[in-house]
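Here is how names work: the chains are called A, B, and so on, in the same order as the sequence lines, proteins then strands, and each is numbered from 1.
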Amino acid sequence: MTEEYTYRKIIHVDMDAFYASVEQLDNPELRGKPLAVGGASERGVVSAASYEARKYGVRSAMSGVLARKKCPHLIFVKPRFERYKEISQKIRAIFFDYTDLVEPLSLDEAYLDVTENKKGNPSASLIAKEIRKRIADELHLNASAGISNSKFVAKIASDINKPNGQKTIPPEEVIDFLEALPIEKFFGIGRVTAAKMFNLGIFTGKDLKAKDEAFLTAHFKSSGAHYFNLVRGNYHSKVKPNRERKSVAAEHTFKTNLTSEIFMLEKLEQISEELERRLSKSKVSGKTITLKIKYSDFTTQTRSKTLPFFIKEKAVLLETVKELLFQEKVQNSVRLLGISVTNLNIHSKKKPEKPIDVQLKFEF
Amino acid sequence: MKFIVSSSQLLKQLQVLGGVINSSNTLPILDNFLFELNQNELKISASDLETTMSTSIEVESDSEGSVAISARLLLDTLKTFPNQPLTFKTEENNTVEISSSHGKYDMAYFDGNEFPKAVSIATPSKTVIPGEILATAISKTIFAAGNDDLRPVMSGVFFQFSTDSLTFVATDAHKLVKYSRTDVVANDTAEFIMPKKPLNLLKGILGGNESDVTIEYNDANAKFTFDNVVLVCRLIDGKYPNYEAVIPKENPNKLTVERGIFLNSVKRVSIFSSKTTHQIRLKMAGTELNISAEDIDYSNKAEERLVCEYQGDDMQIGFNSRFLTEMLSNLNSNEVLIEMSMPNRAGILTPIDGVEEGEFITMLVMPVMLNS
């Protein structure tokens with residue numbers, strides 16, 4: 001099995017400051033200027049920043065107010081998702097000239113498996129170069145790429161020579177590369193996990209490798225085994241052209257922060273309604289309901305509950321979310337509430353397609 | 001010790017008491033009936049240590065004594081006799097000799113002192129209930145009690161006595177029955193959980209009985225006394241779940257149907273339901289109730305339509321048909337009201353007619369969540 005994966009050739013293509021670049025492309029007067037997409041309204045959040053703006057420390061997911069503080073002459077533009085989608089489809093069309101194994105991660109990112117490609121080109125690095133050149137020539141946008149034998153390493157590699165660059169990590173260098181990699185750069189290790197790793201004396205891939213599986217499982221539960229394999233280069237998730245939907249969510253940022261649960265309930269009802277609409281549009285239902293609470297200080301809390309059955313109805317959603325809301329007092333004023341449904345019923349389709357009916361019990 | 005007794009009268013008592021005796025006992029003495037003779041009064045007892053029941057009958061005698069005699073042997077013999085006087089007499093070699101018009105039968109006996117004594121209840125509280133009402137309360141609730149050894153409290157019926165009502169509750173976490181009477185009250189509030197076995201025995205003897213039953217209880221035991229019968233049993237130890245909390249308060253969807261017709265439909269449609277979930281589906285819209293079931297494994301499918309009275313949003317909800325059948329069969333009304341809120345919340349069944357003044361029955365059933 002592992003042998004087969006050693007020869008996989010995976011490219012991770014990541015567009016550089018995608019939304020901002022599209023805006024600069026469509027509006028020549030914005031070129032060369034610090035630009036933020038989104039975040040214009042008082043309560044908005046920056047969804048993308050141009051490289052000119054990034055020099056000032058403006059980052060995506062930063063509040064508009066803070067972004068303006070960092071860069072007073074920052075230009076804010078409203079996002080036009082329809083346009084980004086249109087361009088994204090053109091980019092994907094280029095990918096499909098090389099391989100059908102394209103797994104989009106979002107509008108501006110995708111994995112390509114070019115082990116067997118339509119051009120018969122044995123070099124993934126050259127294919128990446130060609131794709132980037134075509135994106136630049138045909139769409140006048142810059143892309144970066146990472147090339148390796150796994151999705152995980154390719155994704156990290158695409159960041160190395162960003163913007164407008166690419167990096168290849170050949171299979172024989174993967175192990176060394178991972179060993180030298182700072183722990184927080186590992187895809188899937190966020191701020192919280194990284195801090196936990198630091199406390200355990202893990203700062204690089206090499207430190208992580210020194211720990212045995214039992215140790216990692218003890219500290220990180222099921223993720224422990226995943227990290228154990230990751231750092232040994234044993235992570236070989238396939239490029240899945242039909243990425244299954246994992247969750248359906250709806251959220252809302254409020255004009256003024258909410259302090260009372262009564263107002264939050266009212267908002268949650270609207271969000272549940274929207275979510276019900278989205279669920280029925282995607283024809284899915286799910287078992288796990290997660291309530292996301294973002295406080296005015298930007299800390300985020302999630303509370304979730306898994307039901308023994310699949311739901312999609314607004315009433316049941318709202319009821320579960322209510323329970324989650326009142327489970328613990330909200331600690332601060334709230335700027336955003338969101339509800340997501342995961343554990344969707346599309347995944348259980350792998351088993352024979354038979355409805356799973358559950359006899360419910362009283363909650364004594 | 002010697003007495004003469006009517007064979008059929010004795011058999012009648014022994015058959016009632018026989019229900020107490022377990023089919024296999026670790027303590028061999030429990031395979032016996034205890035006979036305690038005091039002149040003309042013969043007291044017969046049976047026990048499984050948890051429950052002890054005694055009855056008294058009048059016999060012809062002028063002696064006293066106490067012996068334990070094999071229940072199996074006695075019952076099997078008595079069943080074969082036409083009614084006639086039988087003479088019981090203890091012999092020197094630890095045997096009892098029974099003389100009938102047909103012949104003589106000898107059986108070994110144990111000394112009556114070896115038989116476990118029924119517990120005496122210290123400082124009991126006391127409530128008196130008409131036998132018929134107690135019998136009804138038991139038969140309305142007991143079918144809903146559970147069999148789960150892990151939750152022993154739910155394997156019994158919860159007696160909740162107060163100064164303005166008596167309430168009896170049983171649940172197995174899937175279905176729940178609450179039976180209340182406001183026409184019979186207790187002097188004090190009290191709560192205890194009765195095991196199923198003594199209740200089934202009581203139900204058997206009390207049916208159609210017009211005498212009053214005196215219930216004496218403390219926190220460990222209860223004693224039921226009526227006519228010539230005394231039943232003492234151990235209570236189930238533990239806290240009964242807060243059943244009131246699971247009764248949904250707001251139920252905007254109200255369905256009224258004729259009970260008999262609905263029950264027949266449910267029975268018929270359920271034949272086509274899945275053999276594992278026994279699930280049937282109710283769909284309410286306007287004045288139509290649609291009842292359907294499907295067994296995908298065998299491609300069996302059924303659907304019926306009933307006219308009903310329905311107020312509320314169109315909805316569909318799944319139930320285990322066995323639960324519905326049990327509950328509907330246990331009601332006597334012509335019409336039944338089913339109140340519902342959501343497909344994942346309990347449905348509430350109440351009879352619309354056919355209840356006595358001061359009698360209240362509430363039945364709850366948890367749905368089966370439909371996934372299609």
Side-chain angles (χ1 to χ4, degrees), chain A residues 245 248 265 268-269 272-273 275-277 279-289 291 304-324 326-327 339 341-364, chain B residues 144 146 148 150-151 153-154 158 169-176 238-248 250 252-253 273-274 276-281 293-297 313 315-323 340-347 364-372:
Chain A
R245 203 177 232 296
V248 182
L265 278 183
L268 285 172
E269 191 172 345
S272 305
E273 202 172 315
L275 188 54
E276 180 188 52
R277 204 160 33 236
L279 284 165
S280 69
K281 200 175 151 196
S282 329
K283 295 195 178 70
V284 291
S285 51
K287 278 187 182 175
T288 305
I289 316 301
L291 171 67
S304 65
K305 181 177 180 179
T306 301
L307 301 167
F309 46 84
F310 294 103
I311 63 162
K312 56 177 183 291
E313 301 84 1
K314 175 192 158 190
V316 190
L317 282 171
L318 188 61
E319 192 196 36
T320 314
V321 168
K322 255 189 209 171
E323 193 183 310
L324 291 170
F326 289 115
Q327 169 184 309
I339 309 172
V341 177
T342 49
N343 231 329
L344 302 178
N345 55 355
I346 40 177
H347 296 285
S348 52
K349 269 189 186 157
K350 285 163 204 151
K351 289 166 203 152
E353 216 177 304
K354 205 179 144 187
I356 315 133
D357 298 317
V358 189
Q359 170 67 53
L360 304 183
K361 286 189 172 191
F362 295 119
E363 288 183 10
F364 287 134
Chain B
D148 188 354
L150 296 174
R151 305 269 321 249
V153 291
M154 293 208 287
F158 186 47
V169 181
T171 182
D172 61 356
H174 295 134
K175 52 189 185 292
L176 184 149
K239 196 175 160 11
Y240 203 73
N242 180 8
Y243 68 89
E244 289 286 358
V246 301
I247 305 179
E250 276 174 42
N253 303 320
S273 68
S274 146
T276 49
T277 62
H278 304 279
Q279 175 227 304
I280 59 163
R281 180 185 300 244
E294 187 172 11
D295 187 348
I296 293 169
D297 294 342
D313 299 332
M315 73 177 285
Q316 54 171 309
I317 187 166
F319 287 113
N320 182 321
S321 58
R322 283 183 312 168
F323 297 163
M340 291 155 288
S341 55
M342 279 188 273
N344 66 334
R345 284 302 193 82
L364 259 69
V365 58
M366 280 305 273
V368 170
M369 201 66 192
L370 306 169
N371 274 305
S372 50

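In this structure B:Glu294 satisfies the side-chain contact (heavy atoms from CB on, under 4.5 Å) test together with B:Ile296, B:Lys301, sequence neighbours excluded. For B:Asp148, the side-chain contact (heavy atoms from CB on, under 4.5 Å) partners are B:Leu150, B:Arg151, not counting sequence neighbours.
Atom CD of B:Glu250 is surrounded by 12 or fewer heavy atoms from other residues, nucleotides or ligands within 6.0 Å. In A:Lys314, the NZ atom is crowded: over 12 heavy atoms of neighbouring residues, nucleotides or ligands sit closer than 6.0 Å.
For B:Ser274, no part sits under 4.5 Å from any heavy atom of chain A, backbone or side chain. Proximity to chain A is limited to the side chain of B:Phe323, based on heavy atoms less than 4.5 angstrom apart. Both the backbone and the side chain of A:Gln359 come within contact range of chain B, each with at least one heavy atom under 4.5 Å from a heavy atom of that chain. Proximity to chain A is limited to the side chain of B:Ala346, based on heavy atoms less than 4.5 angstrom apart.
Put simply, the side chain of B:Met342 does not reach to within 4.5 Å of the side chain of A:Glu313, judged on heavy atoms. The shortest side-chain heavy-atom distance between A:Phe364 and B:Val153 does not fall under the 4.5 Å cut-off.
B:Met369 CE to A:Lys287 NZ: the interatomic distance, rounded to the nearest 0.5 Å, is 11.5 Å.
Most heavy-atom pairs under 4.5 Å with chain A: of the set B:Thr277, B:Asn344, B:Asn242, B:Leu364, this distinction falls to B:Asn344.
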